[in-house]
Amino acid sequence: MTEPILRVHELTKHFPIRRGLFGRASATLRAVDGVSFDVHPGETVGIVGESGCGKSTLARTLMWLDEPTSGSVTFDGQPVSSGATDLLRRQMQIVFQDPYTSLPPRMTIGDIVADPIRIHGTHPESEIRSQVNRLLTEVGVSAQRAGQYPFQFSGGQRQRIGIARALAIEPRLLILDEAVSALDVSVQGQILNLLQDLQDQHGLAYLFISHDLGVVRYLSDRVLVMYLGKIVEEGPAEALYAKPHHPYTQALLSAVPTLRGRRSERVRLRGEPPKPTSPPSGCAFHPRCPMAQPICAKETPLLLPSGPGRRSACHFSGQLAGNG
Amino acid sequence: MTSYVLQRTVQMIVVIFGVVTVTFFAVRLVPGDPARLMEPPGTPESVIKITREQLGTDKPIPEQYVNFIRDFVRGDLGTSFRGSRPVMDTVLEALPNTLALGLISMALTTILSFGIGIVAAMRPNGWFDRIALVLASIAQATPGFWLGVILALLFAVELKWLPAVGRTGWKSFVLPVATLVISLMPLQIRAVRQAFIETMGEGFVRAGRARGLSETTVLGIHVMKVAAIPLVTLIGLQAGYVLGGSIVIESIFNWPGVGTLALQAINQRDFPMIQGTVLVIAIVYTLINFLVDLTYAALDPRVKY
Amino acid sequence: MPFPDFTGELTSSDQAPDASAPAALPVRRKSFLRQFSKRKVATAGLTGFLIIVAMAIFAPFIAPHNPLQQNLGDNFKPPMWKDGGTSEYPLGTDPLGRDLLSRLIYGARYSLAISFGAVIVGGVIGFLAGLVAGFYGRWADTLLMRLGDIQLAFPFVLFAIAILAVSPNRTVWHLIVVLGISSWVIYARVVRSRVLTERSKDYARAATAIGASRMRVLRKYVMPNVWQALPPIALLNLAFFVIVESLLSFLSLGLSPPTPSWGSILADGRQYMMLDPWMALLPGIAIIITVITISLAADGFADLLDPKLKFGAFRRQPLKTSTPDIDPSGERLPLLSVRSLTTQFPLDEVTITAVDDLSFDLGRGQVLGIVGESGSGKSTLGFSIMQLLDAPGRVVDGRILFDGADLARISNREMSAVRGDRMGMIFQDPGNSLTPVLTVGYQLEETARKTGKIPAKEARTAAIAALQAVGIPEPERVIRAYPFELSGGMQQRVMIALAMIGTPELLILDEPTSALDVTTQAQLLDELDRLRRERDLAMIFITHDIALLADFADSILVMYAGQLCELGPANEIIRRPRHPYAQALLNAVELVDAPGTDRLAVIPGDPPDLSRHLPGCPFADRCPHAMAVCRDVEPKPVAVGAGHLSACHLHTQSTEDAAA
């Protein structure tokens, strides 16, 4: 196997909740809590989870937009730290969810796409124009519109522009943080196709973060499932969707509405996700878990191998992996 | 709630301490020797020296500051240089007059502004709204002191209906209160109108209508409760305007309040009195805003304690 | 008199016009000046103000006299329109025989110079302080903002008076500095809050991610979106200073005499009020006119930045046109029968037809799913039926027959009785649909009492029962809670409880689960499914996700550009859609069960722009089967099966026509 391009080890991001007389931290929000995984060149790793599971915080922390509380990130063999984010930001880029706030409203789209090139000086000033035109054309935006402002474009086109900006300095890894979630289904399909084309042409690796299990499956080679700041399951997309090794993944998959109607063996969850400021003891999922046993409230299950290329953080993953 | 009150109390004490400090330094950092400024030009240096000692300005600034704070904590604002009464006594005597004027004006302003603002908000760009906004614009552009002068000229001098100066009975309230109310209303009408229009566009208003609640219930309870919250803050801010503006309005109508006292002190270069009046007004203002914040917290369940 | 501290509120909620525009309403941003010039009142204000400024600048050429020249023989001249006035002194003279008009014109110079100077000083200090506080945060933020708090704890006029009273001599510069320093906090607060908002937006994060330095993010990305909040504040501040400057002069704390200033002329005039009231009146009028012109211009700017007050409040107007073809007596009508419904939003330049000639029926206990992308008019359809369209939207044609009554035409009172008692609606954003300052219990009881079906005494019991009925655990606790204390899923359950307490026959659900997580969505759908079966409830379920309807809806209506695209039994449409758009939509949705190796078959292009009503089929531009006729003739719905309609020329044109 090739060397991973991104190696994340025990990454943790806590936010203090300040309240009270002198603004002391009265609680800690464990947004990302000891997450480890690798991304290899050219592969797509999907991260799924519901709101509040920490997937977007993970994206921002990886991009060093928020400094991690602890843990380490290695990019292309080089450890990343607050003083050494240059390599990271040369080779890893991010595309955000909201096409309406992710582009600066008062810059032309040409200027938006040109700025990364100027900052990193990857091309001389004389070539920037042609470079921008090439990028815009590549993502399917007419280069003649380079002088227009974001508000003159539709949501789907804006997202294309956001992708062009991310590609401008030819990164090797792209983080897509809910990048198609705000789009209409028809436009969503267009962007997914574009992402596949770009991956084929440039050998890009993707970290595709979404709450939508369908699009994650469509695009990803490998999938990580997050719950309350932790990875609860990891595996190759096909295998994981076919046979989840964690009851949460099971419940998540059976909750997705499909055109073929509801599945007969639906797993219905009780209650709602707990607050990340006060996670339950032991396995954070135990209060909602249909399989929960006394041990689940006491011991936190570790993310352990549960099959070829698979890991699961459940005391009963063996049971899930074994039968049926 | 208790911890919130405690927290705000501490904050208020810090702000008052800051106000005291700023007042102290503002007066001292201005170029010129206060003692010399207080005495008529040509006063011999020996007399000025005595004045300086009486003021305490001969001592180094840090020492003066410590003394000032110590006296302040004891409730001692020094002695007026004219009439040699303790500043505190004089100011406390005048304060009720200022507060009476201010409270009546604020109450009237609030009642009128809510009425006009809500009716205007019902039909934005309707005839009532347009007229109200035009009148508000004119009133807002009218300097309060000029309005006071003109009202006095018209109702006291020409028509002789009302007394022009002093506090002599209910009639003497009419002109200063009218001046203040006309000055305060425009901003409040606009704020009430905007708060109601904005709140009426919220999803919960539509949801209320969707379950068949009457317009009276939707507007009178749901919109009112939400729209009133930011207006509490405005009322607090306007209290500051009333207190600051009292200097002008009181001097025009010769109202025996803190403002008149302050202006006299300024004209007579009575330093302890300037400090005292400024401080008392600022402290009253801070207290009002403290109460406003508590009201806000009590009205809005979303405020975290 | 304007009070400066509140001006910050003007922009507290503003947004760039582009960001706040709903997808259906096209906002075309023209140059700032061109948009401004459309506001006639604001333009008049700005023009008037510029004339006053020009008069001040060119005072030596305009003023008929030297403002300081005394002419004791001509003192106390009245204005020219009074007895004894002369055209030499159009506005009369003062006690020293100086020409009042000239003094007023020159007075404008000083008033405006001081005010402008103070705005610049306050603006620059405040802008920089706000930038530092907002962008660098930490101790600088704490220090600057606490300093601001303390300064604001001083009533402003008092502050200026106290400082000026002890200044030995007062020049223009003294006044500029004192006024300027007194106002920096307003700017600092606005700039800080805007910087905080802007820098937390994704575009600023993206700029950091592409490697831009903090300076570059601030200068190139954040700043252009910050400064534009300042013109209206600066203008209001300017107006305020014009008044304050005259106030200070009036109190003899302004410029030292004999320099003319509006305030000092007024103060002089006050002395001689009995003799000559004009001397006191005229400078006041000059101030009022100046301040009004400035405020009008400021309002114009503020309007441009925060255009949401434009359309005004909700006001339902029943349709007045008669419908001669209505004959409910003959046949048995379904619960809801919508015929040729057309809803429009007349805007300044265009009229948007959000629902276009739409017809469908819904029987008791039936569920109709309505699917479409943004701009398809699906939500507007729901609001049209509920008669809750936001201004300026209106049903302009058609009928909405609900149990025989035409909802488009019944009176407001009748409609109000229908809402809640017979028809309920659930919205997409539950957090915004509950009144934030009232407890859940209050809102439930209020609604229960309103229906008249529940005795007042039993309102509380009914409220608890209603919460239990939608599967809320611990209803006694929830009933005391405020909406913000509940999760999104719980809030939506409360919304359903509120809608169900009046035991309606029809429930309209507008994207009820789109804001929720999948597991919560699944729970809620179960709950809704149970309710409809238990209570024989008819539902209109509006969604962008056709998969939600698969085993929930009896029939499905696919909408495109406000029009009916396909309508038929749910399983028919899902198994065998006929309209090319419905086919494409279904293809695009089904990802979970389709292994992702192949390219997706997608619809090219973007959802339609409803402001451009072109002839032909609205889907023609994106349709893989588009023919010549599709661009010219609007297809009408035709029957393609039992109770199955589709609006496509493919169903009627022969293959020869298609080839031609």
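Proteins get letters first, then strands, A, B, ... in listed order; numbering begins at 1 in each. Computed from a predicted structure; not experimentally measured.
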Turns out that what part of C:Asp545 lies under 4.5 Å from chain A's heavy atoms comes down to side chain
- Query: Under a 4.5 Å cut-off applied to non-hydrogen side-chain atoms, are A:Arg165 and A:Pro116 in contact?
  - Reply: yes
Applying a strict 4.5 Å limit to non-hydrogen atoms, the region of C:Glu373 in contact with chain A is both
Honestly, the part of C:Ile574 sitting under 4.5 Å from a heavy atom of chain A is side chain
Across all chains, not counting sequence neighbours, the salt bridge (Lys or Arg N to Asp or Glu O under 4.0 Å) partners of C:Asp517 are none
Answer key: most heavy-atom pairs under 4.5 Å with chain C among A:His211, A:Gln97, A:Glu50 is A:Glu50
Worksheet item: Is the Lys NZ or Arg CZ of A:Arg145 less than 6.0 Å from the centre of A:Phe153's six-membered ring, within 45° of the axis?
Response: yes
Turns out that what part of A:Arg288 lies under 4.5 Å from chain C's heavy atoms comes down to side chain
With chain C, the option among A:Leu183, A:Val187, A:Leu103 that has the most non-hydrogen atom pairs under 4.5 Å is A:Leu103
Turns out that what part of A:Gln93 lies under 4.5 Å from chain C's heavy atoms comes down to side chain
Do A:Pro150 and A:Pro105 have side-chain heavy atoms sitting under 4.5 Å apart?
no
Polar contact flag, side-chain donor to acceptor under 3.5 angstrom, C:Asn225-A:Arg106: yes
- Query: Can you tell me if C:His579 uses its side chain to pair, donor with acceptor, with the backbone of C:Tyr581 under 3.5 Å?
  - Reply: yes
Whatever's closer than 4.5 Å to a heavy atom in chain A on C:Arg575 counts as neither
By residue number, those in residues 203-213 of chain C with heavy atoms under 4.5 Å from heavy atoms of chain A are C:Tyr203, C:Arg205, C:Ala206, C:Thr208, C:Ala209, C:Ile210, C:Gly211, C:Ala212
message = Whether the A:Ser154 and A:Gln157 side chains hold a donor-acceptor pair (N or O, under 3.5 Å, no angle test) is what I'd like checked.
response = yes
Point to revise | Distance-only side-chain donor-acceptor flag, C:His544 / C:Glu511, under 3.5 Å | key: yes
Turns out that what part of A:Leu269 lies under 4.5 Å from chain C's heavy atoms comes down to both
- Do C:Phe541 and C:Leu525 come close enough that some side-chain heavy atom pair is under 4.5 Å? yes
The interface call for C:Leu516 against chain A, heavy-atom contacts under 4.5 Å, is neither
query: Is any side-chain heavy atom of A:Ile175 less than 4.5 Å from a side-chain heavy atom of A:Met63?
result: yes
Go through it in stages, so that I can follow the logic: the residues are A:Gln196 and A:Tyr206, the test is side chain to side chain donor-acceptor pair (under 3.5 Å), and I'd like the CA-CA distance, side-chain angles, deciding distance and then a yes or no. CA-CA 10 Å; A:Gln196 286 218 316; A:Tyr206 289 145; over 6 Å; no
